[in-house]
Amino acid sequence: MSDSSRSLDDLRTFLNSTVGVDLQQRMKFYDSWAETYEQDHDTLSYRAPHQMVEFLLDNFSGHPEQVQVLDVACGSGLVANLMVELGFKHFVGVDGSQGMLDQAAKTGLYKELRLALLGTEPLPAPTGMFDMVMIVGALRDGYVPVSVIRELCLAAKPGGYICMSRNGLKSESGNKYKVSMEKELQLMEEEELWSHVITKEMDRYMIDVSDNCEDVQNEKYLSGTMYLYRKSLNESLST
Ligand SMILES: C[S@@+](CC[C@H](N)C(=O)[O-])C[C@H]1O[C@@H](n2cnc3c(N)ncnc32)[C@H](O)[C@@H]1O
């Protein structure tokens, strides 16, 4: 871990340098960021994993120690780190950045870590295996495309949970992503692939350092949305 911590202004410049890059370049960016990702996310007051895990806790009543969790776009492992505190034990992680997976490996929490550029490569997970599929901080324009949501559902067991957060960036592309994602969620419900459990706003999950936000000094925050779905029990429809 580097001992040089970036200021919010540094992070603003750093993050805005990736606007418009393609997915491969973005993964290289994450490779280069991996070592200081958690330190910088503290500076950014990143709370999406905490809010998601609380959301999950409010809506899940099984035995966490038996649950097989697929942590998609796992990054450095922040989500698994919080879930472990609640008694979850079995994690498989997937990410498109080897650098981030190397950080996740250091947590010692994942049974397996798999490299895949989602949207261009299939989700490396067997069908119908996981009790819980999590994706935090990666459903947004330029990251994990909406088409991958069906693959998340496919990886869950019949009756398993799919827990997703969407970043709520207020830009034209952010709005387009939201519309397209919510259309897909609805369509999958109409196809009886899953049923909707609950949706909740994710409030102030991170300081907004985008170029849209000029007011870094006053620490404007981003909000987003958390969604929980339950895969259909009807095997013929959902596998
Ligand atoms: C903001 S981080 C979130 C990481 C972790 N879930 C967390 O909340 O700390 C986004 C992660 O998504 C990964 N990612 C983004 N787009 C991806 C894609 N298309 N395929 C695979 N991983 C992707 C990045 O490598 C990065 O680790």
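Owing to the predicted nature of the structure, the values given are computational and were not obtained by experimental measurement. We count ligands from 1, going down the list as the structure has it; atoms in each ligand are counted the same way. Each residue takes its place number in the sequence, starting with 1.
- Side-chain contact, D203 with S223: no donor N or O sits under 3.5 Å from an acceptor N or O.
- Under the side-chain hydrogen bond (donor to acceptor under 3.5 Å, both in side chains) test applied with Q186, the options E190, E184, K183 reduce to a single match, E190.
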Kindly list each side-chain donor-acceptor pair under 3.5 angstrom involving residues 65-90, sequence neighbours excluded, with atom names and distances?
| unit_1 | atom_1 | unit_2 | atom_2 | d |
| --- | --- | --- | --- | --- |
| Q68 | OE1 | K111 | NZ | 3.2 |
| D71 | OD2 | Y110 | OH | 2.7 |
| S76 | OG | E38 | OE2 | 2.6 |
| H90 | NE2 | E65 | O | 3.1 |

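- Closest approach of Y161 to V197, counting heavy atoms only: CE2-CG2, 4.4 Å.
- Across all their heavy atoms, D31 and M100 have their closest contact at OD1-N, 4.5 Å.
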Check each N or O atom of ligand 1 against all protein N or O atoms and list the pairs under 3.5 Å, with atom names and distances to 0.1 Å, one per line.
| unit_1 | atom_1 | unit_2 | atom_2 | d |
| --- | --- | --- | --- | --- |
| ligand 1 | 6 (N) | A73 | O | 2.8 |
| ligand 1 | 6 (N) | V136 | O | 2.8 |
| ligand 1 | 8 (O) | Y46 | OH | 2.7 |
| ligand 1 | 9 (O) | Y37 | OH | 2.8 |
| ligand 1 | 19 (N) | L118 | O | 3.0 |
| ligand 1 | 19 (N) | Y143 | O | 3.3 |
| ligand 1 | 20 (N) | L118 | N | 2.9 |
| ligand 1 | 22 (N) | G96 | N | 3.0 |
| ligand 1 | 25 (O) | D95 | OD1 | 2.6 |
| ligand 1 | 27 (O) | D95 | OD1 | 3.2 |
| ligand 1 | 27 (O) | D95 | OD2 | 2.7 |

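- Listed here is the closest heavy atom pair of C153 and L193: SG-O, 3.8 Å.
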